[in-house]
Amino acid sequence: MRSGSGEIARFVSRGAFWLGLEKVAALVSGVAYSVLLLRWLGPTKFGIMTIALACVGFATTATGNLEMFLERYAAEYEAHGRRRSLRRAHLLALGVKLGLGLVAGAVLLALTPWLADFFAVPELRILVPVLTAMVVFDGFSTTGRATLFGTQQFRTVSLLAMGFHVAKTVLVGLLWWTRHGVVSLAVGLAVLTTLQAFAQAALALRGLWGPDRVPQEPGRAPQEPEPGWGGLLREMIGYSVPLLGGRIAFLSGQNLSKFILGKLFDAAALGYFTFAFQTIERFNEVVNTLPSSLLPSLTQLVARGERERLRLVFDQAQRMIQALACAVSIGIFLFAREITLLIGSPLFEPAIPMLRVLALVPIARTAQQPFTALFQAMRKPGTVMRLAVAKVATEFGSYFVLVLPLGIIGAAWANLTGAAVSYALAFVLLARLLPEGAEERARAALTAVALFLPVAGAVLAIEALVHGLVLVPIHALLALAAGVGLFATGLLRREDLDKLVTMPLERVWACRLRDGVVLVLGLFARLAGVRGTV
């Protein structure tokens with residue numbers, strides 16, 4: 001059977017490369033987008049736009065999440081050659097989400113006057129109706145991307161997303177240059193999002209058209225009978241509804257928090273918090289590349305009952321993602337001031353303390369993503385929902401203790417508390433399902449925290465005594481020391497570099513990019529005393 005570790009590594013590495021390229025492009029274009037947007041709008045108008053987008057984002061939860069079924073089961077259908085079932089599932093998900101999107105859009109339009117009065121932001125009467133198109137056509141985007149992702153068409157997913165990010169950045173630059181206002185921004189975002197949604201749906205459907213392709217392998221068990229439309233819909237709902245609870249909880253943590261903060265504080269304060277939160281999210285998305293690319297391969301391993309290989313693939317990925325999350329946390333904490341001044345300008349300096357608190361979040365929430373992927377692969381959507389609910393309940397419960405006495409920065413501490421509790425619970429739940437390697441997984445998490453805290457303490461102590469541009473080289477030296485620490489503590493290892501060197505890539509420029517990364521990591525490894533590295 002062509003399902004050895006080499007095949008799994010090929011798909012994971014290819015997915016990680018293309019999705020990683022997408023996220024890096026999103027990070028670079030996102031920085032450029034923010035540099036233009038924040039200087040154009042300023043804290044107050046940025047806060048107003050944040051409320052409008054939060055209303056729209058929360059409304060998309062009403063469209064359901066049947067795309068999660070496609071994301072998980074597309075890989076299984078592909079493995080069994082059941083293209084017809086996948087095509088039916090895609091059309092069902094698209095139809096249901098389109099219908100729910102129309103209803104959700106109508107409800108959002110009806111609530112717009114109340115929202116404008118509730119937040120005392122008259123601009124919402126125009127912004128929310130314009131952005132409602134993002135709710136209506138959400139199904140085209142999410143089902144298209146989920147199917148392309150599940151069938152491991154990572155290159156297509158990546159190129160579409162990169163095109164969208166570049167177009168969004170160009171849009172903001174043109175609007176600022178031509179002195180347009182925030183309404184024009186809303187129109188442009190709605191148009192770009194709709195065009196991307198139709199493109200994803202068209203490419204996904206084109207790839208699904210055709211007869212089933214049943215793999216001819218000796219000893220293959222006979223295929224299960226294909227369910228009818230009704231049976232397939234029930235199966236989709238049974239898998240997706242628990243994950244919908246998790247999605248609602250996650251989006252609630254993102255959007256309801258903005259609603260609450262928008263009511264408790266002025267628009268400028270909300271703008272500072274949103275800037276810090278979105279900055280963290282941009283870097284998080286880069287690290288989330290590897291766990292995202294794992295899901296199809298983990299699904300196939302679960303479907304084939306290869307438990308030992310499943311554990312080996314997961315444990316190695318969890319440790320590496322924990323290392324990447326730790327590196328992101330340290331980098332953001334060290335360069336919080338530089339990042340804020342570069343992206344947001346001095347107008348957003350009050351956001352620096354919040355950005356440093358949220359810098360700890362990747363160590364917990366980003367590093368939890370492999371757990372989520374494994375729970376989905378193991379058909380445990382209820383577990384994903386419980387983790388999301390635990391995070392939101394902890395976060396909002398912390399509001400009473402942290403936000404009221406500490407002010408807007410308390411929201412950052414509450415977000416960190418929710419992420420930490422959910423991460424700890426994920427360890428406990430996975431230890432029951434996959435006890436092998438539980439101690440090693442916990443050790444990786446604790447090592448990341450132990451590496452972060454001394455660096456954070458050092459930078460705070462230095463900044464209490466030193467000010468000005470001299471801090472930039474000091475921060476850079478601390479970052480280099482942290483890079484060495486990743487190898488010295490065992491979060492990154494020699495075999496990780498060996499596997500990175502042999503990662504199969506087809507493009508010459510991609511090989512050169514990989515070799516450059518290996519060269520830098522190899523230098524850190526040698527400084528840490530790890531011998532035999534490339």
Side-chain angles (χ1 to χ4, degrees), residues 5 12 16 284 287-291 294 298 301 307-333 359-375 377-378 380 383 387 390-391 394 416-458 478-479 481-500 521 524-533:
S5 56
V12 171
N284 277 348
V287 186
N288 287 346
T289 299
L290 189 52
L294 276 173
L298 294 179
L301 291 174
R307 182 182 177 91
E308 181 59 24
R309 185 175 297 154
L310 175 70
R311 185 190 69 80
L312 292 173
V313 170
F314 174 80
D315 284 355
Q316 183 181 53
Q318 185 265 337
R319 175 179 52 76
M320 295 177 64
I321 292 165
Q322 186 72 74
L324 290 174
C326 180
V328 168
S329 291
I330 291 174
I332 294 175
F333 193 94
L360 263 167
V361 171
I363 290 181
R365 189 165 69 78
T366 303
Q368 186 182 320
Q369 298 309 307
F371 291 79
T372 300
L374 183 58
F375 289 139
M378 297 176 77
K380 300 289 183 181
T383 301
L387 292 173
K391 179 189 180 299
T394 303
L416 173 60
T417 303
V421 169
S422 178
Y423 192 32
L425 183 59
F427 273 99
V428 173
L429 295 176
L430 184 59
R432 296 177 181 176
L433 293 173
L434 202 65
E436 305 92 344
E439 292 184 3
E440 185 66 23
R441 294 191 288 268
R443 187 179 299 111
L446 293 175
T447 300
V449 175
L451 180 60
F452 176 91
L453 292 179
V455 177
L478 288 172
V484 174
L486 291 174
F487 284 94
T489 58
L491 279 175
L492 290 178
R493 300 173 183 172
R494 169 186 171 179
E495 56 265 28
D496 299 330
L497 296 184
D498 295 338
K499 290 183 179 179
L500 187 59
L521 292 178
F524 285 137
R526 286 190 290 273
L527 291 174
V530 178
R531 301 301 175 187
T533 54

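Annotation: the span from Gln322 atom CD to Leu486 atom CG amounts to 10.5 Å, rounded to 0.5 Å. A distance of 11.5 Å separates CZ in Phe371 from CG in Leu433, rounded to the nearest 0.5 Å. For the atom pair CD (Gln318) and CD (Gln368), the distance works out to 11.0 Å, reported to the nearest 0.5 Å. One finds the CD atom of Glu440 at 8.0 Å from the CG atom of Asp315 (value rounded to the nearest 0.5 Å). Expressed to the nearest 0.5 Å, how far CG of Leu430 lies from NZ of Lys380 amounts to 11.5 Å. Rounding to the nearest 0.5 angstrom, the gap separating the CD1 atom in Ile330 from the CG atom in Leu453 is 9.5 Å.
Residues Ala482 and Val455 come closest through the heavy atom pair CB-CG2, 4.4 Å. Across all their heavy atoms, Ile363 and Phe452 have their closest contact at CD1-CB, 3.8 Å. Across every non-hydrogen atom of Cys326 and Ala448, the tightest pair is SG-O, 3.6 Å. The heavy-atom pair separating Ala419 from Lys391 by the smallest distance is N-CG, 4.0 Å. Considering every non-hydrogen atom in both Ala325 and Pro362, the closest pair reads CB-O, 3.2 Å. Residues Tyr423 and Ala367 share a closest heavy-atom pair of OH-CB, 3.4 Å.
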Output, in order, the C-alpha distance, side-chain angles, deciding distance and verdict of side-chain contact (heavy atoms from CB on, under 4.5 Å) for Leu492 and Phe524. CA-CA 10 Å; Leu492 290 178; Phe524 285 137; over 6 Å; no
Take Leu360 and Phe333, measure what side-chain contact (heavy atoms from CB on, under 4.5 Å) needs, and give me the verdict at the end. CA-CA 8 Å; Leu360 263 167; Phe333 193 94; over 6 Å; no
Kindly indicate, with the supporting measurements, whether the criterion side-chain contact (heavy atoms from CB on, under 4.5 Å) is fulfilled by Val428 and Arg432. CA-CA 7 Å; Val428 173; Arg432 296 177 181 176; 4.3 Å; yes
Worked verdict on Leu310 versus Leu374 for side-chain contact (heavy atoms from CB on, under 4.5 Å): CA-CA 9 Å; Leu310 175 70; Leu374 183 58; 3.7 Å; yes
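Among the candidates Arg441, Arg307, Arg311, the single residue satisfying the salt bridge (Lys or Arg N to Asp or Glu O under 4.0 Å) test with Glu436 is Arg307.
Judged by distance alone, the side chain of Ser422 and the main-chain N or O of Gly418 form no donor-acceptor pair under 3.5 Å.
When side chains are defined from C-beta on, Val328 does not count as touching Thr366, because their heavy atoms never get closer than 4.5 Å.
The environment of CD in Glu308 is crowded: more than 12 heavy-atom neighbours from other residues, nucleotides or ligands sit within 6.0 Å.
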